[in-house]
Amino acid sequence: MKKILAVLVNYGQEQLKYLEEVVKELSSFTKYEVSIIVQSNIQLSIKNVDKVNVVELNDYQLLPLTCRKEIWDRRNDFDIFIYGENDHLFKEHHVDKHLEYLQILPQNRISGLIQYEEDKSNNYYYPGYHLDFEWDYNSVEVYQNKVFAHFTNLHQASFIITKTQLIEIGEKINFNHLVIKEPSLFFKVEKKFKKWLGLKPLNDQNYSVKCKVNTDLYEFAGKKKLICISEFEDNLIHHLPNLYIEGEKGRNKLRSDDKRMQLALSKLMSKVK
């Protein structure tokens, strides 16, 4: 039986009910032996959590990054590694599919997930499908009759990787630190110009500090992230609070509805020859 280490991040008490649901689901896996560690700023007592590390930081935006260190330090002790924010519901089939795709994808590809939210009428929305983020309609690849494509928003607030993938990624990036990308000359000039005009400059990194805990793996480690679109529903992960549908609790209203997603998937599938 393969051994999984799931390292989850938790800040405060606001989302403990979601954390409990995530832990309950992970501990219900039948095909894997799952150990669960939570990196938190407060002490917790949750059934089936094997260890809680209470972390003190000056900047708690860096709390998710401590999960990567915990995973790296235990890289020789487990077969599969899961990282997730405390409100993303991992299902056993997510791991099953990752291992299945690993057997057919090239080494420079890695399978990923798409976040979804659900309203009271059971309609699906996709918080990562916003602004300029879009499917790359020229990225369709087929392996053993399964169709894959690249979604340009790499963020999924989580990752699933095997021990082999972890070691390979660790050879490309320092797994314990975020990758800081050197901004282009054009970006530096644009930033100075906006500052001179009194405008808010853009972030010189593609993703926030918290997001980079997962996006670094897909952006800088030589593995292009692909979503299996022919088994799309198997590769969705539920963001349990469903906050971005209407922009609740101070969140931005970030979403595309299922109609837009299905149209995009149809267009992608039409590229298969």
Side-chain angles (χ1 to χ4, degrees), residues 6 8-30 34 36 38 46 48 64 82-98 101 111-135 147-160 207-208 210-211 213-215 218 225-269:
L8 309 174
V9 61
N10 175 78
Y11 182 82
Q13 301 183 25
E14 180 182 354
Q15 300 206 122
L16 290 184
K17 66 178 180 179
Y18 303 126
L19 176 60
E20 290 172 354
E21 186 174 350
V22 173
V23 169
K24 182 179 179 181
E25 188 67 32
L26 284 166
S27 62
S28 74
F29 288 8
T30 59
V34 182
I36 302 171
V38 179
I46 296 177
N48 294 320
I82 291 175
Y83 158 73
E85 296 181 9
N86 63 0
D87 54 8
H88 282 65
L89 189 63
F90 293 97
K91 298 283 190 175
E92 189 163 17
H93 72 257
H94 289 140
V95 180
D96 296 341
K97 286 299 178 182
H98 185 82
Y101 301 148
S111 64
L113 302 170
I114 295 287
Q115 300 162 290
Y116 78 94
E117 296 189 334
E118 189 174 4
D119 69 13
K120 293 178 181 179
S121 300
N122 304 120
N123 298 306
Y124 278 21
Y125 295 86
Y126 304 92
Y129 203 173
H130 67 274
L131 298 176
D132 295 330
F133 293 117
E134 182 56 273
W135 289 95
V147 184
F148 296 81
H150 178 68
F151 186 61
T152 60
N153 189 349
L154 302 178
H155 179 56
Q156 60 178 53
S158 60
F159 59 72
I160 301 171
Y207 299 94
S208 71
K210 289 193 296 183
C211 293
V213 173
N214 76 96
T215 61
Y218 306 120
K225 180 182 173 183
L226 297 178
I227 308 297
C228 184
I229 60 171
S230 56
E231 298 178 336
F232 185 67
E233 291 187 0
D234 288 335
N235 297 289
L236 298 177
I237 186 166
H238 191 183
H239 180 234
L240 293 169
N242 301 315
L243 292 175
Y244 291 105
I245 297 174
E246 298 298 338
E248 299 175 32
K249 295 186 178 181
R251 271 63 168 191
N252 292 323
K253 188 174 180 178
L254 303 175
R255 69 180 201 188
S256 286
D257 61 20
D258 198 48
K259 181 179 179 181
R260 182 185 179 193
M261 182 63 80
Q262 294 305 321
L263 286 171
L265 293 174
S266 295
K267 184 176 179 180
L268 287 163
M269 291 298 290

**Report entry** Other residues, nucleotides, ligands: >12 heavy atoms within 6.0 Å of Lys210 NZ
**Finding:** no
Query raised in the report: Does atom CD of Gln13 have more than 12 heavy-atom neighbours from other groups under 6.0 Å away?
Result: no
Query - Euclidean distance, His98 NE2 relative to Asp234 CG, rounded to 0.5 Å - result: 14.5 Å
**Report entry** From Trp135 atom CH2 to Leu268 atom CG, the distance as rounded to the nearest 0.5 Å
**Finding:** 6.5 Å
Query raised in the report: Between the side chains of Gln156 and Tyr218, does any donor sit under 3.5 Å from an acceptor?
Result: yes
Requested in this report: Examine the side chains of His238 and Glu118 and answer whether a donor and an acceptor come within less than 3.5 Å of each other.
Outcome: no
Report task. Sequence neighbours left out, what passes salt bridge (Lys or Arg N to Asp or Glu O under 4.0 Å) with Asp258? Give chain and number order. Result -> none
Requested in this report: State which residues pass salt bridge (Lys or Arg N to Asp or Glu O under 4.0 Å) with Glu21; sequence neighbours excluded, sorted by chain then number.
Outcome: none
Query raised in the report: Which residues pass the side-chain hydrogen bond (donor to acceptor under 3.5 Å, both in side chains) test with Asn214, sequence neighbours left out?
Result: His155
Query raised in the report: Shortest non-hydrogen contact from His150 to Leu154?
Result: CE1-CD2, 3.6 Å
Going by the angle between their ring planes, with limits at 30° and 60°, are [X] and [Y] parallel, tilted or perpendicular?
| X | Y | result |
| --- | --- | --- |
| Tyr207 | Phe133 | parallel |
| His239 | His88 | tilted |
| Tyr83 | Phe159 | tilted |

Query raised in the report: Do any N or O atoms from the side chain of Ser256 and from the backbone of Tyr129 form a donor-acceptor pair under 3.5 angstrom?
Result: yes
